[in-house]
Amino acid sequence: MTRKTVITIFDYGAGNIHSLVKALDTGDGVEVRLETDPVAALRTDALVLPGVGAFSNASARLSTGAHKMREEILAGLPTLGICLGMQLLFDSSEEGEGSGLGVIPGRVRRLRATRVPQIGWNEIESLDESLPEVAYFANSYVCEPDSDDCIVAYSTHERDRFASVVSAGNAIGVQFHPEKSSSAGVTFVRDFVNGVCR
Amino acid sequence: MTLTRRLVVCLDVKDGRVVKGTRFLNLRDVGDPTELASHYEADGADEIVFLDISASVEGRSTLLDVVQRTAERLFIPLTVGGGIRTVADVTNVLRAGADKVAINSAAVTNPHLLTEASEVFGAQCVVSSIDARRSGATWRVFTHGGRIAADLNAIQWARTSASLGAGEILLTSMDRDGSRDGYDIELTRAVADVVNVPVVASGGAGSASDVVAAMDLGHADAALVAGILHDSTTSVGEIKSQMRAASLRVRYAA
């Protein structure tokens, strides 16, 4: 029996990650860790950037390890960014001060809609059948990649069509909350974990 | 394309158990919050609300334990309300595993709480819970479980709440609450039409068609149901199929 596959959630210290931990914990052979130190978080088989809190706070928590984290992700560390965690893969955000990881060139902008935040279940427009058809969103900001090449799926809030899933190398970012998107979302998270275990 | 309309199931929790009664009277035990929440998720509910009606400190800490147990197996959003007074309360409930907090009386007493909570945790997790009762041509806000009248117009207070940082309004008609006569459509529409955040209609659901009316005529983004599901008057599936039949966008139950 080989050692367990380690999945580490980088914990910025804001909000709920219980459901995420549970969704990632697929059982035998997988160990889910929480880590508040960004460099220690990289001693892992896969990294998860969770989706709670504000950009500037998360950026500040990353700062000491942002450079190293960027290098590891670009070198192929499997990474799942959820909501704010997806936004952190980009360069910067209109929401606040601080830098993102710059793994994907682009910026984070406010939703161009009357009803902000977007709270609720929205459609994932993609041909990729491994994605949920409908997923739960709770966000005021969205990612705007410099190039469309990284975009895997779009979603539309009012008339604002935005990138709801992006990928670059082994990093994938989702603007929705798979851990709050019922069984289809949990399946998506488990597919990520299974991909790492293989 | 637009967001689906949400069906939100509310569970009244007292000292760690789900209870049913007319507000605070004639309470009886209907089950374990964690089990019931998962049961409604499996049925296709879009969201769960725990409304804590414990009066004691012990009941409060029991609630945090219940929230944590629930968050570990519930994969839809969980809102917790009841007795949230400070940013520390908000922090505790969110850390325990809630996705949103519903703030009622404390927001009226100290509106800054909405701002503070939304600055720290984001507007998406701050719900302004408003209990409104008709008063002449408009509606007045009540606090402390409906016992104390506030000097606030409900429509105005909804707008103010949103501008202070609430990302959602949970709007309860006290006139209809428990009546099963249907939601207060006029109140719901009056609020939904003037705020730029989602409005959850609450109070008065007697049937699946009442839910449809709250959304269709009342312009609510979501509707909260409790009693009619607990006693099997209707089901999540029945409500959702009526919503779909009325051409409202709904999430298909998994």
Side-chain angles (χ1 to χ4, degrees), chain A residues 11 13-23 25 51-58 83-84 95-96 113-125 132-141 154-161 177-190, chain B residues 1-8 38 41-42 44-47 67-80 90-91 93-101 118-127 162 165-168 192 195-200 221-222 249-254:
Chain A
D11 182 4
N16 167 25
I17 46 177
H18 297 277
S19 306
L20 179 57
V21 171
K22 210 63 190 174
D25 189 359
V52 283
F55 188 91
S56 55
N57 173 60
C83 194
L84 173 66
E95 189 192 356
T114 316
R115 296 206 160 200
V116 179
Q118 166 187 218
I119 298 180
W121 300 77
N122 204 341
E123 202 170 309
I124 309 299
E125 304 159 23
E133 287 176 38
V134 173
Y136 183 78
F137 290 78
N139 62 305
S140 299
Y141 294 84
Y154 288 91
S155 292
T156 309
H157 180 47
E158 294 177 13
R159 276 181 293 282
D160 193 1
R161 190 163 189 257
H177 285 270
E179 78 284 15
K180 292 292 157 189
S181 299
S182 205
S183 46
V186 175
T187 301
F188 170 80
V189 172
R190 300 209 161 147
Chain B
M1 217 58 62
T2 178
L3 299 178
T4 65
R5 308 291 180 116
R6 285 170 287 150
L7 185 63
V8 181
S38 293
E41 176 186 357
D46 296 308
E47 207 163 312
V67 168
Q68 180 154 354
R69 278 196 293 121
T70 305
E72 283 167 1
R73 56 187 273 199
L74 188 73
F75 296 108
I76 55 175
L78 173 66
T79 302
V80 173
V90 174
T91 308
V93 169
L94 293 177
R95 281 308 274 182
D99 300 289
K100 310 180 203 178
V101 287
S118 97
E119 276 171 2
V120 179
F121 299 105
Q124 82 291 336
C125 73
V126 181
V127 180
E168 190 164 78
V195 296
N196 287 329
V197 297
V199 172
V200 184
D221 296 271
R249 278 173 51 77
V250 295
R251 177 179 73 95
Y252 294 91

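Heavy-atom basis, side chains included; hydrogens, waters and symmetry copies ignored. Chain letters run A, B, ... following the sequence lines, proteins first, then strands; residues in each count from 1. Because the structure is a prediction, the values reported are computed rather than measured.
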Go through it in stages, so that I can follow the logic: the residues are B:F75 and A:K22, the test is side-chain contact (heavy atoms from CB on, under 4.5 Å), and I'd like the CA-CA distance, side-chain angles, deciding distance and then a yes or no. CA-CA 9 Å; B:F75 296 108; A:K22 210 63 190 174; 4.0 Å; yes
Report which part of B:L74 has an atom under 4.5 Å of a heavy atom belonging to chain A: side chain, backbone, both, or neither.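 B:L74 touches chain A through backbone heavy atoms alone.
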> B:A96 versus chain A, heavy atoms under 4.5 Å apart: side chain, backbone, both or neither?
Replying inline: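 Just its backbone gets close to chain A.
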* Asked: What distance separates B:R249 CZ from A:N122 CG, expressed to the nearest 0.5 Å?
  ->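 Nearest 0.5 Å value for the CZ-CG distance: 6.5 Å.
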Could you measure the distance from the OG1 atom of A:T156 to the CG atom of B:L3? Nearest 0.5 Å is fine.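 One finds 10.5 Å between OG1 of A:T156 and CG of B:L3.
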Tell me which of these, [options], has more heavy-atom pairs under 4.5 Å with chain B than the rest.
options                        : answer
A:V116, A:T114, A:V134, A:N139 : A:T114
A:E179, A:E133, A:E95, A:H177  : A:E179
A:V21, A:L20, A:V186, A:D25    : A:V186

Could you check whether any side-chain heavy atom of B:D221 comes within less than 4.5 Å of a side-chain heavy atom of A:R115, counting everything from C-beta outward?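 In contact.
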B:Q124 versus A:S140: any side-chain heavy-atom pair under 4.5 Å?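 A side-chain contact under 4.5 Å is absent here.
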Q.
Show, in sequence, the C-alpha distance, side-chain angles and deciding distance for B:R6 and A:I119, and conclude whether the side-chain contact (heavy atoms from CB on, under 4.5 Å) test is met.
A. CA-CA 10 Å; B:R6 285 170 287 150; A:I119 298 180; 3.9 Å; yes
What's the shortest heavy-atom distance between B:P198 and A:P117, and which atoms?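 Minimum heavy-atom contact is CD-O, 4.3 Å.
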Can you list the steps and then say if A:Y136 with B:R251 is a side-chain contact (heavy atoms from CB on, under 4.5 Å)? CA-CA 10 Å; A:Y136 183 78; B:R251 177 179 73 95; over 6 Å; no
Pick from B:G122, B:G167, B:C125: which one has the most heavy-atom pairs with chain A under 4.5 Å?
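Top count of heavy-atom pairs under 4.5 Å with chain A: B:G167.
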Donor-acceptor contact present, side-chain A:H18 to main-chain B:R95, <3.5 Å
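Yes, A:H18 side chain to B:R95 backbone: donor-acceptor pair under 3.5 Å.
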Notebook entry, point to check: For B:I76, which of A:S183, A:S182, A:S19 qualifies under side-chain contact (heavy atoms from CB on, under 4.5 Å)?
Noted result: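 Answer to the side-chain contact (heavy atoms from CB on, under 4.5 Å) test with B:I76 among A:S183, A:S182, A:S19: A:S182.
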